[in-house]
Structures are given as structure tokens and as C-alpha cells.
Amino acid sequence: MSLPSILAVFAHPDDESLSAGGLLARQAAAGARTAVVTATWAAGTWRAGELADALRILGAAPPRLLGYADARVPQSAPGAARWCDAPLDEAVGRLVAHVREFRPDIVVTHDPCGGLTGHPDHVHTHRVTVLAAQAAGLAGLHPDAGAPWRPDSVLLATHPDSAARDLGARLVRSGRALYSVPDVWVGLTVDVRPWLERKIAAVMAHRSEVARGALPGRLAALPAAEREELLATEWYVRHPLAPAAAHAGRDALGSRATVPFPGSTDRAAGPVRPLPGGPSGPAD
């Protein structure tokens, strides 16, 4: 029986490790196929090299880069459009090609708020990813991007209101807005402590972000026990793509496989409601 494969799509190198490093490490350790598409930074840049190191630690396939520029760092992809400025159909088509090539059971990406900090690149990545996950299953859309493939569901990496205030106080720079979702919208909570060593090592592999004092650097400066506490849990909102009946009997990740995974709490509370475009409460 095959394990559910995961294709994660995040805006910047380091987002994959911070937001879903535990889930990626868990699935890879169990023998599942995992890969990451990163929207910004081009091949050959220093952050692309750090991303490759982080993915090796997490057991994922080599990086897949869309090659757009970070909204705040033009040199991240010289001559390329900023991610937020790229034509929407072009961006969706590029991502559809990765979905159809990798053929994941589950796609993981940012929530519509853009995570705790609401970074505009994160918000845009959410929009493009949800559109691409839907379009990938339709033969009439982007016909040159490969044979159609529809993932079972999209998981949106998020932070519940109950945890956001404490996380924000310790991780987000003073004066910044915090973005979170109501606790009841969290459909999957994952205790990643068995894979925490790998997750933390992957975060620290983003050496330039540690050096400049971005979020990996702020985590590196904390006592080990506090750092582990902050990174030990991951939260996801479900965004199903397959008809509800197709999910009957599937595992806690909502995938085709029925292999149980310890350390996760799954809430099947009916259809997922759309999240707001702003905070229930931008940034690094």
C-alpha cells in the first residue's frame, strides 16, 4: 500500500521548514514521496543552495523552483518578474506542470492570511496554489503542462488563534500585525516532536536567514527547550478537492492511503469554510 505523497508549495526558501518541516520529515521517514516547489529565488542563488540543504535534511526531493523574484529582494531572481506581479495564468500554469509531473496525493501551502506574518508573497502563493491544484485535474486547462492529475486535498499551514498570541510575542517583531484563524477551522494538528531534530536542522540550514536575524535567526537565539516548544506542533486547515464521498475510509491526512500515523489529531467537521483575507487578530 502506497503512503500519501506530498507536494508542498511555499513562497520563499525556509517557509517549507518553518511551516511544514515536521510533516514533510514524517512522511519521508515513513517512505512517502515528498517534494517542495518554491515560488521565489532562482537556481544558483545562495538561498536556493540553502533550500537544497534543508530538503536533504527533511528527506524531500531536490528543489523545484518557479524562479520569480522575492517581493522585497529583486536580486533573488535577476531579470525575473516579482512573484506578486507575475501574470496569474502564467504562474498557475507553471505550478500545474509540477503538480501533474509529481502527481501528489496532498498539496500543502500557506493559508489565505499568509501565515502568522501575512507576508504578501505568502498570500499570493496560497491563491496560485489553490487555483493550480484545481486546474491540474482539468484536461482543458494548461493542456501543454502534462496529463491531468487531481490531488485529493490541499492542506493550508496555519496558526490557530489560541496559539498565535504566544507565538507572535516570541517570534514576530514588535508592532507587527498577527494573522491567525479560529481554532475550530483547524482540521489537522500534528505533534512533530519525533521529527523535531530534523525540522530544526532544516530551519538552521537557511544560514543567511539565521545570520540576518530573520525568523530562523530568532529561533536560533532561543534556548533549545523554548525553540523546541515553539516548533513542536503544526496546524493545517483542510481544503478538499475530491468529492466528499471519495474521502471515506482515508487516513488522517485525507489521502488515498489508510496507513495510520501517530501524533496527529484529525477533525472531520464537514465542509471547510473559506477563511477571511485578513487577520482574526506584513512582515518577515
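Predicted, not measured: the structure shown is a model, and the values here were computed from it.
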[X] vs [Y] side-chain heavy atoms within contact, under 4.5 Å:
X      : Y      : value
Tyr68  : Cys84  : no
Arg72  : Pro120 : yes
Arg238 : Leu155 : yes
Pro13  : Thr40  : yes

For [X], check side chain to side chain donor-acceptor pair (under 3.5 Å) against everything at least two apart and list the hits.
X      : value
Arg64  : His98, Glu101
Arg56  : Asp53
Trp83  : Thr125
His206 : Glu16

So, does [X] use its side chain to make a donor-acceptor pair with the main chain of [Y] at under 3.5 Å?
X      : Y      : answer
Asp15  : Phe10  : no
His159 : Ser180 : no
Glu50  : Ser208 : yes

### Task
Decide yes or no on side chain to side chain contact (heavy atoms under 4.5 Å, CB included) for Glu228 and Ile200, but give the supporting numbers first.
CA-CA 8 Å; Glu228 292 168 4; Ile200 292 174; 3.8 Å; yes
### Query
Who else is in Ile57's hydrophobic cluster (ILVMFWY, side-chain heavy atoms under 4.5 Å, direct or via others)?
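Direct or chained contacts put Ile57 with none.
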### salt bridge (charged side-chain N to carboxylate O under 4.0 Å, His left out) contacts in which one or both residues fall within residues 125-146, not counting sequence neighbours
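Checked against salt bridge (charged side-chain N to carboxylate O under 4.0 Å, His left out) - neighbours excluded - no pair reaches residues 125-146.
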### Message
Test: salt bridge (charged side-chain N to carboxylate O under 4.0 Å, His left out). Region: residues 112-125. Which pairs qualify, not counting sequence neighbours?
### Response
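Those involving residues 112-125 do not exist here.
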### Message
Taking the ring centre of each residue, are His12 and His122 less than 6.0 Å apart?
### Response
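Yes, they do, as the ring centres are separated by less than 6.0 Å.
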#### Entry: Flag if over 12 foreign heavy atoms under 6.0 Å of CZ, Arg165
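Not buried by this count: 12 neighbours or fewer within 6.0 Å.
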### Message
Heavy-atom count check: over 12 atoms from other residues, nucleotides or ligands less than 6.0 Å from Arg193 CZ?
### Response
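Counting neighbours around CZ of Arg193, 12 or fewer heavy atoms of other residues, nucleotides or ligands fall under 6.0 Å, so no.
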### Message
If the condition is ring-ring contact (aromatic ring centres under 6.0 Å, His included), which residues does Tyr236 pass it with, not counting sequence neighbours?
### Response
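For Tyr236 there are no ring-ring contact (aromatic ring centres under 6.0 Å, His included) partners, ignoring immediate neighbours.
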### Query
Roughly how far apart are Lys199 NZ and Leu24 CG, rounded to 0.5 Å?
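Reported to 0.5 Å precision, the distance equals 10.0 Å.
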### Message
Rounded to the nearest 0.5 Å, what separates atom CD in Glu209 from atom CZ in Arg212?
### Response
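Result: 4.0 Å between the selected atoms.
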Can you list, pair by pair, the side-chain donor-acceptor contacts under 3.5 Å of residues 131-141, counting residues two or more places apart and other chains?
none

### Query
Looking at residues at least two apart in the chain, or sitting in another chain, which of them share a salt bridge (Lys or Arg N to Asp or Glu O under 4.0 Å) with Arg94?
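By the salt bridge (Lys or Arg N to Asp or Glu O under 4.0 Å) rule, Arg94 matches Glu90.
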#### Entry: salt bridge (Lys or Arg N to Asp or Glu O under 4.0 Å) involving Asp14 - partner list, sequence neighbours excluded
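Asp14 satisfies salt bridge (Lys or Arg N to Asp or Glu O under 4.0 Å) with Arg47 once adjacent residues are dropped.
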### Query
Under 3.5 Å, is there a donor-acceptor pair between the Thr158 and Asp111 side chains?
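A pair is found: one side chain offers a donor N or O, the other an acceptor, under 3.5 Å apart.
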### Task
Output every pair passing ring pair (Phe, Tyr, Trp, His ring centres under 6.0 Å) with a member in residues 23-66, not counting sequence neighbours, ordered by first then second residue.
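Qualifying pairs, neighbours excluded: Trp41-Trp46.
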### Task
In plain terms, say whether Glu234 and Arg26 are close enough for a salt bridge, that is, a side-chain N and a carboxylate O under 4.0 Å apart.
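Answer for the salt bridge query: no.
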